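This report refers to the structure that appears directly beneath it.
Owing to the predicted nature of the structure, the values given are computational and were not obtained by experimental measurement. Each chain gets a letter, A, B and so on, in the order its sequence line appears, and its residues count up from 1.
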Amino acid sequence: GAVVSQHPSWVICKSGTSVKIECRSLDFQATTMFWYRQFPKQSLMLMATSNEGSKATYEQGVEKDKFLINHASLTLSTLTVTSAHPEDSSFYICSARAIAPRGTFFGQGTRLTVV
Amino acid sequence: AQTVTQSQPEMSVQEAETVTLSCTYDTSESDYYLFWYKQPPSRQMILVIRQEAYKQQNATENRFSVNFQKAAKSFSLKISDSQLGDAAMYFCAYRSLLTQGGSEKLVFGKGTKLTVNP
């Protein structure tokens, strides 16, 4: 089946530092990747959509300079939370759209805690 | 913009019984996809079932089936013979058929927490 690997699964960082989260499609090429944020007991909120080789499209209210997204290849997208603050603590989930196999597949998520 | 509404924050069901989770949506599009995703405590999103709006027949996957009412913009999920492993958050989601302008994104409802009692 189609597997999306997200790394790390959890990370604790100090306030003011940057954290990079990777999202890899292991056995398929992802035409589009999505990054979501999920607060406790809430739904997934789309942060941005990225296509390989082009700039990400951010949802309204999401700071582009704070949440840097790079989609360098058809199998890898990264989300960098720059100058992290405690309010950035959340669960971040990536998903990848594929043509073959057809569908949208999710990573395992990353729990970010900023202290 | 499309919206998805799940009016039941929490539901419970006895093991082996049947439960129905509600979902309504709003769109001006005529063709689209609808999904139910399950998120267990591990928080891994798992696709439960998918429905294409142009198909009149309700989708079925083993114990999971949907009641898709296009005119009413309703998309409920029925879980038959509920099992303890069905306990999870369930999210209803909408996706446009369009592929430009970021329309491929999934729009999620707020979710329904399902508890299965032994």
**Request:** Identify which part of A/Tyr36 has an atom lying under 4.5 Å from any heavy atom of chain B, answering side chain, backbone, both or neither.
**Result:** side chain
**Item:** Same cluster (ILVMFWY, side-chain, under 4.5 Å), B/Leu106 and A/Trp35
**Value:** no
**Prompt:** Any chain of hydrophobic side-chain contacts (each under 4.5 Å) joining B/Val66 to B/Val13?
**Reply:** yes
**Request:** Identify whether B/Trp36 and B/Phe108 are in the same connected component of the hydrophobic contact network (ILVMFWY, side-chain heavy atoms under 4.5 Å).
**Result:** no
**Prompt:** Side chain, backbone, both or neither: which part of A/Gln42 has a non-hydrogen atom closer than 4.5 Å to chain B?
**Reply:** backbone
**Asked** Are A/Val4 and A/Met33 co-members of a hydrophobic cluster defined by side-chain heavy atoms under 4.5 Å apart?
**Response** no
**Message:** I'd like to know if the side chain of A/Ser43 and the backbone of B/Gly111 have a donor-acceptor N/O pair within less than 3.5 Å.
**Reply:** no
**Complete:** For A/Thr104 and B/Tyr37, the nearest pair of non-hydrogen atoms, with its separation, is O-OH, 3.9 Å
**Prompt:** Is it true that A/Leu112 and A/Leu46 fall in one hydrophobic cluster, defined by side-chain heavy atoms closer than 4.5 Å?
**Reply:** no
**Fill in**
Within residues 45-53 of chain B, the residues sitting under 4.5 Å from chain A by heavy atom, in sequence order, are B/Met45, B/Arg50, B/Glu52
**Asked** What part of B/Gln6 lies closer than 4.5 angstrom to a heavy atom of chain A: side chain, backbone, both or neither?
**Response** neither
**B/Met11, CE atom: more than 12 neighbouring heavy atoms under 6.0 Å** = yes
**Prompt:** What is the distance from atom NZ of A/Lys41 to atom NZ of B/Lys110, rounded to the nearest 0.5 Å?
**Reply:** 15.0 Å
**Prompt:** Has the side chain of B/Gln44 got a donor or acceptor atom that lies under 3.5 Å from a matching backbone atom of A/Phe106?
**Reply:** yes
Donor-acceptor list for residues 86-94 of chain A side chains, cut-off 3.5 Å, not counting sequence neighbours:
unit_1  : atom_1 : unit_2   : atom_2 : d
A/Asp88 : OD2    : A/Lys66  : NZ     : 2.9
A/Asp88 : OD2    : A/His85  : N      : 2.8
A/Ser89 : OG     : A/Pro86  : O      : 2.9
A/Ser89 : OG     : A/Val114 : N      : 2.8
A/Ser90 : OG     : A/Arg37  : NE     : 3.4
A/Ser90 : OG     : A/Gln38  : O      : 3.1
A/Tyr92 : OH     : A/Asp88  : O      : 2.7

**Request:** Take atom NZ of B/Lys78 as the centre, draw a 6.0 Å sphere, and report whether it contains more than 12 heavy atoms from other residues, nucleotides or ligands.
**Result:** no
